[in-house]
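Reviewing the structure listed below.
Reminder, nothing fancy here: chain letters follow the sequence lines and each chain counts from 1.
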There are 2 protein chains.
Amino acid sequence: MTATTLHRPTHRDALYLLEEAFGDGRMVTMFGRCTVEYDGRASSSLGPGERLVVCKPDGTILVHTDEKRKPVNWQPPGCTHRASVRDGRLRVRSERSTPQEHLDVAFERIEQVSAYEVTDRSDLQLRGSEEDLRQRILDDPALVEAGFVPQATERETTAGPVDIFGADADGKPVVVELKRRRVGPSAASQLQRYVEALDEEFPDEGVRGILVAPSVTDRTQELLAENGLSFVAAEPIAAEADGEGNPGGVDDEGTARD
Amino acid sequence: MTATTLHRPTHRDALYLLEEAFGDGRMVTMFGRCTVEYDGRASSSLGPGERLVVCKPDGTILVHTDEKRKPVNWQPPGCTHRASVRDGRLRVRSERSTPQEHLDVAFERIEQVSAYEVTDRSDLQLRGSEEDLRQRILDDPALVEAGFVPQATERETTAGPVDIFGADADGKPVVVELKRRRVGPSAASQLQRYVEALDEEFPDEGVRGILVAPSVTDRTQELLAENGLSFVAAEPIAAEADGEGNPGGVDDEGTARD
DNA sequence: GAATTAATATCGCGT
DNA sequence: ACGCGATGTTAATTC
């Protein structure tokens, strides 16, 4: 059986399912009225309300309200889940050390509990990352500027590893900092740190810094100019010729719209 | 009814529930074997596997596998959900403009669908944030150094707003940058940008920069020293006298352990 | 373990 | 809408 569900169970019956599911490495969802307490890297309290709680077999716990992408409370993978009943509440505690932190969920009413057997071997294939941008540049260094010759990636400096290190048409050292999307001031600062570090390695050679990204904000442009840095516009994936038509296809049996 | 669940429904029956739930602003969970395609800020493909899909009434969609805290795919609030059946698959599409992006989930088998009415008015109370650290410093400026006098918070500069601006015992301008936890090089760069900006506002007054955080990394300490910046150790909340005993209490009716 | 950086980061606040 | 910075960021990678 890949899904087991209890509707409005007693706390005791819910507890039995949780014991079983935690032991079998099944994923669990709970829905009901609860409070949540967290203590660890910070601490927090959440008063009563109806929420969806998800427990994963890797030790993750998520508490979701009806809004937002982020859980209102959570615990990362590697935690230990325990369930119990005390003072008329169904309780779930998730705990870990390093850092010492724990999350407590207490249900005063449990509307539904489900346990799922999950099998998922597929890996996500992602396109358009900074890694893709780097590959584009290495395949066609002229995207940075004519005559640019990449010599190393992730080259170490005292300010940390730089994305691409190379030389321009005149043989001057060049640092290239890559960003997959429009950038703010922090990217300019980061590039400036790299240039300063390499200036000490190559005194009097006039190390150049080039930021490669789709675009930059106005203040960032100023920052770059102040520090004698350059900006080159480039996307992590080539922009498509616009002709996608209707990628999702047409529904033929019915639709539900939110 | 606050929770409605269909176990191994036909795609058509699942579709009817989705139509109803999306229309009523209910939260939906789905579990089954599916594939996922995303295109927008980046693009991705995910092959077949069993996953938990959560749709929120605010337009959020989350696709969770049995591992990790982050959803393997998602769409942020503000999207529009649509469900349909086509080519023998139950499909859910989540879409938005600005930026133009969409997520498609296609179930070949749907194990369970649930719809929940959610009511949650409680707000999260969080302690230990940077805001708490700021309040601590303002309550007791000597935590920064003897004689320090705060004059403004979020004071504007050409490099952006600084956390605390004030004067030291000698009347020299001081910029304080706050971080709630151990910091890396970017915090030092940020502080340096603020000092440079204020140096132009207060020429020849010798603007000082102080980083206040629990601790700094070695390379960051060097960066601070190179730029003539200071570091002061402080936590966002006072460390507790260790005496918490057994905060979770003792279980008296049973436990389930993961 | 600590350190460093990317991310479809998300989120909130300001203009 | 864009810009900017905090986050209990999470996660991957390297040392």
Side-chain angles (χ1 to χ4, degrees), chain A residues 38-44 60 67-78 96-103 124 126-134 154 156 159-163 177-187 190 193 215-221 236-237, chain B residues 36 38-44 60-63 67-79 94 96-103 124 126-134 154 156 159-163 177-187 190 193-194 215-220 236-237:
Chain A
Y38 162 75
D39 195 45
R41 288 165 287 172
S43 60
S44 71
T60 302
E67 290 184 326
K68 298 294 151 63
R69 205 215 65 128
K70 285 183 61 175
V72 63
N73 273 123
W74 70 92
Q75 206 67 282
R96 70 163 175 172
S97 35
T98 64
Q100 173 67 37
E101 57 179 355
H102 61 88
L103 182 76
L124 185 75
L126 185 67
R127 280 94 51 184
S129 63
E130 185 178 296
E131 169 61 25
D132 291 322
L133 177 57
R134 184 172 68 122
E154 301 300 315
E156 281 299 335
V162 303
D163 289 331
E177 170 69 17
L178 305 172
K179 294 293 169 186
R180 63 171 299 283
R181 66 172 198 175
R182 185 173 175 83
V183 296
S186 64
Q190 192 178 349
R193 291 205 305 274
S215 60
V216 296
T217 65
D218 289 351
R219 186 174 287 167
T220 304
Q221 184 61 273
I237 41 182
Chain B
V36 187
Y38 162 74
D39 194 45
R41 289 163 286 173
S43 63
S44 72
T60 302
I61 186 170
L62 310 170
V63 182
E67 288 184 327
K68 297 293 155 62
R69 190 251 188 208
K70 283 183 62 173
V72 62
N73 273 124
W74 72 92
Q75 206 63 282
C79 295
S94 184
R96 69 164 174 170
S97 36
T98 65
Q100 173 66 39
E101 58 179 354
H102 59 90
L103 181 76
L124 185 74
L126 184 66
R127 281 94 51 185
S129 61
E130 185 178 295
E131 169 61 24
D132 290 321
L133 178 56
R134 184 171 68 120
E154 301 299 317
E156 282 300 335
V162 302
D163 289 331
E177 171 68 18
L178 304 173
K179 294 293 170 188
R180 61 171 303 282
R181 65 172 202 177
R182 185 173 176 85
V183 295
S186 63
Q190 194 178 344
R193 292 204 304 274
Y194 293 147
S215 61
V216 296
T217 65
D218 289 350
R219 185 176 287 165
T220 305
I237 42 182

How do Arg182(B) and Arg96(B) order along DNA chain C: which one's closest nucleotide is nearer the 5' end?
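The residue closer to the strand's 5' end, by nearest nucleotide, is Arg182(B).
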
Assuming nearest nucleotide by heavy-atom distance, tell me which of Arg193(A) and Gly128(A) is located more 5' along DNA chain C.
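Final value for this comparison: Arg193(A).
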
Hey, does the side chain of [X] come within less than 4.0 Å of [N]'s phosphate (OP1/OP2), counting only N and O?
X         : N       : value
Arg41(B)  : dA7(C)  : no
Ser129(A) : dT8(C)  : no
Trp74(B)  : dT10(C) : yes
Tyr194(B) : dC4(D)  : no
Lys70(A)  : dT7(D)  : no

Roughly how far apart, to the nearest Å, are [N] and [M] at atom [atom1]?
N      : M       : atom1 : result
dA6(C) : dT10(C) : C1'   : 14 Å
dT7(D) : dA11(D) : C1'   : 15 Å
dC4(D) : dT8(C)  : P     : 22 Å

Starting at [atom1] of [X] and ending at [atom2] of [N], how long is that distance when rounded to a whole Å?
X         : N       : atom1 : atom2 : result
Glu67(B)  : dA12(D) : CD    : P     : 10 Å
Glu131(B) : dG12(C) : CD    : P     : 15 Å
Arg134(A) : dA6(C)  : CZ    : P     : 12 Å
Leu124(B) : dT7(D)  : CG    : C1'   : 13 Å
Asp163(B) : dG5(D)  : CG    : C1'   : 9 Å

Backbone of Gly128(B) reached by a side-chain donor or acceptor of Arg180(B) within 3.5 Å
yes

At 4.0 Å (heavy atoms only), tell me whether [X] reaches a base, stays on the sugar-phosphate, or touches nothing.
X         : answer
Pro71(A)  : nothing
Thr98(B)  : sugar-phosphate
Leu126(A) : base
Pro76(A)  : base
Pro77(B)  : sugar-phosphate
Ala159(A) : sugar-phosphate
Glu177(B) : sugar-phosphate

Between dG8(D) and Asn73(A), counting only base atoms on the nucleotide and side-chain atoms on the residue, is there a donor-acceptor pair under 3.5 Å?
yes

Value for OG (Ser43(B)) from CG (Asp132(A)), rounded to nearest 0.5 Å, stands at 8.5 Å

At what distance, to the nearest 0.5 angstrom, does OG of Ser94(B) lie from NE2 of His102(B)?
10.5 Å

Would Ser215(A) and Arg182(A) count as having a side-chain donor-acceptor pair, cut-off 3.5 Å?
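Present: a donor and an acceptor within the cut-off.
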
[X] has a side chain; which of [options] sits nearest to it?
X         : options                   : value
Glu130(B) : dA11(D), dA6(D), dG8(D)   : dA6(D)
Lys68(A)  : dA3(C), dA1(D), dC11(C)   : dC11(C)
Arg181(A) : dT10(C), dA11(D), dC11(C) : dT10(C)
Arg180(A) : dA6(D), dA9(C), dA2(C)    : dA9(C)
Thr217(A) : dA11(D), dA3(C), dG3(D)   : dG3(D)
Gln190(A) : dA6(C), dT9(D), dA6(D)    : dA6(C)

Given that Gly160(B) and Val72(A) both sit by DNA chain D, which one's nearest nucleotide is further toward the 5' end?
Gly160(B)

Whichever of Arg69(B) and Ala42(A) has its nearest DNA chain D nucleotide further upstream toward 5'
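The residue closer to the strand's 5' end, by nearest nucleotide, is Ala42(A).
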
From CA spacing to verdict: side chain to side chain contact (heavy atoms under 4.5 Å, CB included), Thr60(A), Glu67(B)
CA-CA 7 Å; Thr60(A) 302; Glu67(B) 288 184 327; over 6 Å; no

Do Glu154(A) and Val162(A) have side chains that get closer than 4.5 Å, going by heavy atoms?
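No, side chains not in contact.
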
